[in-house]
Amino acid sequence: MQGELYVYNTLTKKKEKFQALTPPFVGMYVCGPTVYNDVHIGNCRTFISFDIVFRYLQHLGYKVRYVRNITDVGHLENDADNGEDKIAKKAKLENLEPMEIVQKYTNGFHDVMKAFNVLSPSIEPTATAHLVEQIETTQQIIDKGFAYVSNGSVYFDVEKFAKTNHYGELSGRKIDELISATRENLDGQDDKKSSLDFALWKQASPEHIMQWNSPWGKGFPGWHLECSVMSTKYLGEQFDIHGGGMDLKFPHHECEIAQNKAANGKEAVKYWLHANMLTLNGEKMSKSTGKFFLPSQLFTGESEFVSKAYSPMTVRFFMMQCHYASTLDFSDEALQAAEKGFKRILAATALLPELKTSENSQVDVTELSKRCYDSMNDDFNTPMVVATLFDAVKEINLVKQGSKTISVEHVAVLQKLFNDFLIDIMGIIPEEEKGNDVANGLMEVILDLRKDAKQNKNYTMSDKIRDELKALNIVIKDTKEGTEWTYEK
RNA sequence: GGUCCUGUGGCCGAGCGGCUAGGCAGAGGUCUGCAAAACCUUCCACAGCGGUUCGAAUCCGCUCGGGACCUCCA
């Protein structure tokens with residue numbers, strides 16, 4: 001039933017059959033956030049995408065060690081020698097200790113992840129907790145001859161590395177073109193032999209507040225290094241999956257590949273997976289351009305981009321309707337459409353336990369299950385899973401209105417289908433919006449009064465009750481079985 | 001400028017050689033006191049021009065849009 005999983009490997013640009021290096025174990029590393037300010041919805045998309053990968057691999061029975069780092073040092077504003085560390089800069093700005101910044105935004109990140117029902121990774125290492133390892137790896141790369149010390153900093157020698165290795169393989173870049181393209185702008189990079197070179201270790205100026213001792217003097221690690229070091233430490237020199245946002249392909253992931261290869265001579269990663277960008281009016285959401293918005297703005301509806309509040313699960317469902325490797329455009333209209341569809345799915349699943357069953361079943365539940373697995377196996381194609389779930393919704397409704405029959409066994413299969421794919425794999429928890437006991441009791445009284453009014457053909461009264469409840473966001477539906485009510489925000 | 005991705009109906013978004021994607025919106029209908037919901041039916045597509053093929057949204061070429069990366073970004 002489950003079939004074979006195929007994943008699109010951005011290194012080979014092909015869909016490949018997924019074969020774990022050492023089954024049933026899978027090692028997966030995903031580049032986490034730099035915690036110098038709030039994560040935006042675009043950031044969230046990447047982590048939700050890899051949450052699906054994590055969940056599905058586990059569903060298939062793999063024992064996954066999922067490492068997702070927190071970058072808390074070394075991420076510079078730009079590549080120049082005087083480039084400021086993002087966290088140090090923010091610390092100055094907010095007048096806080098750098099580690100306070102780190103803590104503050106790490107907490108915020110975790111809160112958002114929790115709201116989106118993103119599972120915690122197995123290990124969430126930070127760069128500052130792995131300085132010793134980063135210094136060791138830097139030394140290792142120097143010893144292998146692929147890095148050089150210059151004025152208290154250590155740089156990776158890209159051109160030398162490229163003579164014996166394929167630098168640019170992941171991002172499709174050619175070393176000669178890179179050299180000629182960047183030769184002109186060498187401003188402020190005097191310590192480097194080539195502008196292509198990147199820092200493994202950076203000398204800290206005296207006023208720099210984040211600095212540590214090293215064999216090369218006081219400094220701090222380069223951004224790319226932490227991922228190489230921590231993935232190696234927790235997943236070994238070779239592991240199965242490395243993920244991250246598309247925008248990290250170059251230079252970050254390219255540098256990671258080079259570092260790993262230089263340090264231990266091995267290709268570390270078997271499958272590279274890249275999640276695509278979330279766009280806003282067709283353009284990439286980005287912290288640096290200010291074109292983004294925050295999850296909290298979405299949940300409260302306080303943004304010029306949205307007309308109302310959307311729940312975290314609605315947003316997650318919205319993202320499931322698009323493949324992770326395609327860009328997804330964010331708009332109020334699209335969110336509204338997703339919200340309506342999502343409610344329809346929830347309404348149908350709620351009907352499931354109370355469906356009238358028969359001996360014969362006219363619902364092809366095997367086909368529905370198969371389609372869900374086939375879709376997930378085809379590079380985690382959640383939009384196709386969602387489409388299949390909507391087909392299941394249609395079947396449920398047909399049974400409900402008596403146009404089709406279903407057996408007890410098949411109801412159980414459908415129940416499992418929604419549990420597996422909607423809840424476990426896509427991570428969407430049905431949001432119960434049931435009132436408390438008092439509210440339920442009150443509603444019972446009110447609906448009873450309305451029922452009396454209707455029986456007496458006092459429609460003025462029954463409509464008044466309905467209209468006034470509507471004004472309180474309570475929606476009433478008269479069905480054959482009686483009157484239902486829901487509270488809608 | 002270089003490298004790469006992309007252009008699907010009113011909107012979002014799958015499909016990637018032949019078979020209805022799906023959701024939302026629109027129209028008609030069934031049901032209903034009326035609504036709502038649900039279901040049924042229906043409308044609206046593959047940027048343009050060539051080529052390959054028995055057959056192309058799907059492959060190839062060109063043209064025209066849009067975007068990403070080449071500085072920091074998930």
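Throughout, a chain's letter reflects where its sequence line sits, starting with A, and its residues are numbered from 1. As the structure is a prediction and not an experimental result, all values here were calculated from the model.
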Subject >> Whole-angstrom distance between U71(B) and G17(B), as gauged at atom C1' >> reply: 43 Å
Original post:
Rounding to the closest angstrom, what is the interatomic distance between U6(B) and A47(B) at atom P?
Top reply: 13 Å
With both distances kept under 3.5 Å, what pairs with [N], Watson-Crick or G-U wobble?
| N | value |
| --- | --- |
| C46(B) | none |
| U32(B) | none |
| U52(B) | none |
| U3(B) | A68(B) |

**OP:** Please name the residue in the list Thr71(A), Val73(A), Ile70(A) that meets the side-chain contact (heavy atoms from CB on, under 4.5 Å) test with Glu226(A).
**Re:**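 Among Thr71(A), Val73(A), Ile70(A), the one meeting side-chain contact (heavy atoms from CB on, under 4.5 Å) with Glu226(A) is Thr71(A).
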Original post:
Considering residues, nucleotides and ligands other than Met443(A), do more than 12 of their heavy atoms fall under 6.0 Å from its CE?
Top reply: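 Yes, because the 6.0 Å sphere around CE of Met443(A) holds more than 12 heavy atoms from other groups.
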Check: protein-nucleotides 2-9 of chain B nitrogen or oxygen pairs below 3.5 Å:
{"residue": "G2(B)", "atom": "O2'", "partner": "Glu177(A)", "partner atom": "OE1", "Å": "3.3"}
{"residue": "U3(B)", "atom": "O2'", "partner": "Gly172(A)", "partner atom": "O", "Å": "3.2"}

**OP:** Ignoring hydrogens and angles, answer whether the base of C12(B) and the side-chain atoms of Asp332(A) contain a donor-acceptor pair closer than 3.5 Å.
**Re:**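 Checked by distance alone, the answer is no.
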Distances for protein N/O vs nucleotides 27-30 of chain B N/O pairs under 3.5 angstrom?
none

Original post:
Just checking Gly42(A): base, sugar-phosphate only, or nothing, at a heavy-atom cut-off of under 4.0 Å?
Top reply: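 Since a base atom lies under 4.0 Å of Gly42(A), the category is base.
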Original post:
Using a cut-off of 4.0 Å on non-hydrogen atoms, how would the nucleic acid contact of Phe250(A) be classed: base, sugar-phosphate, or nothing?
Top reply: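 Sugar-phosphate contact only - Phe250(A) comes under 4.0 Å of backbone atoms but never of a base.
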Do [X] and [Y] pair up side chain to side chain, a donor and an acceptor below 3.5 Å, judged on atom types alone?
| X | Y | result |
| --- | --- | --- |
| Tyr36(A) | Asp72(A) | no |
| Glu16(A) | Thr12(A) | yes |
| Ser153(A) | Gln203(A) | no |
| Ser194(A) | Glu159(A) | yes |
| Ser326(A) | Asn276(A) | no |

Original post:
Yes or no on ring pair (Phe, Tyr, Trp, His ring centres under 6.0 Å) for Tyr234(A) and Phe239(A), after CA distance, side-chain angles and deciding distance?
Top reply: CA-CA 10 Å; Tyr234(A) 297 111; Phe239(A) 56 96; over 10 Å; no
Subject >> Contact under 4.0 Å: Asn397(A) side-chain N or O vs A38(B) OP1/OP2 >> reply: no
Subject >> Rounded distance (Å) that lies between atom P of A36(B) and atom CG of Asp467(A) >> reply: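 Value for this atom pair: 12 Å.
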Subject >> Phe47(A) and Phe109(A) aromatic centres sub-6.0 Å >> reply: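 Distance test on ring centres: under 6.0 Å, yes.
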Original post:
So, the side chain of Gln415(A) versus the backbone of Leu352(A): is there a donor-acceptor pair under 3.5 Å, distance only?
Top reply: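 No.
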Subject >> Under 4.0 Å protein heavy-atom contact, by nucleotide of nucleotides 13-26 of chain B - B base, S sugar-phosphate only >> reply: SSS-----BSBSS-
**OP:** For Pro33(A) and for Ser403(A), locate the closest nucleotide of RNA chain B by heavy-atom distance; then report the residue assigned to the nucleotide nearer the 5' terminus.
**Re:** Ser403(A)
**OP:** Would you please classify the geometry between the His224(A) ring and the His252(A) ring as parallel, tilted or perpendicular, with 30° and 60° separating the classes?
**Re:** tilted
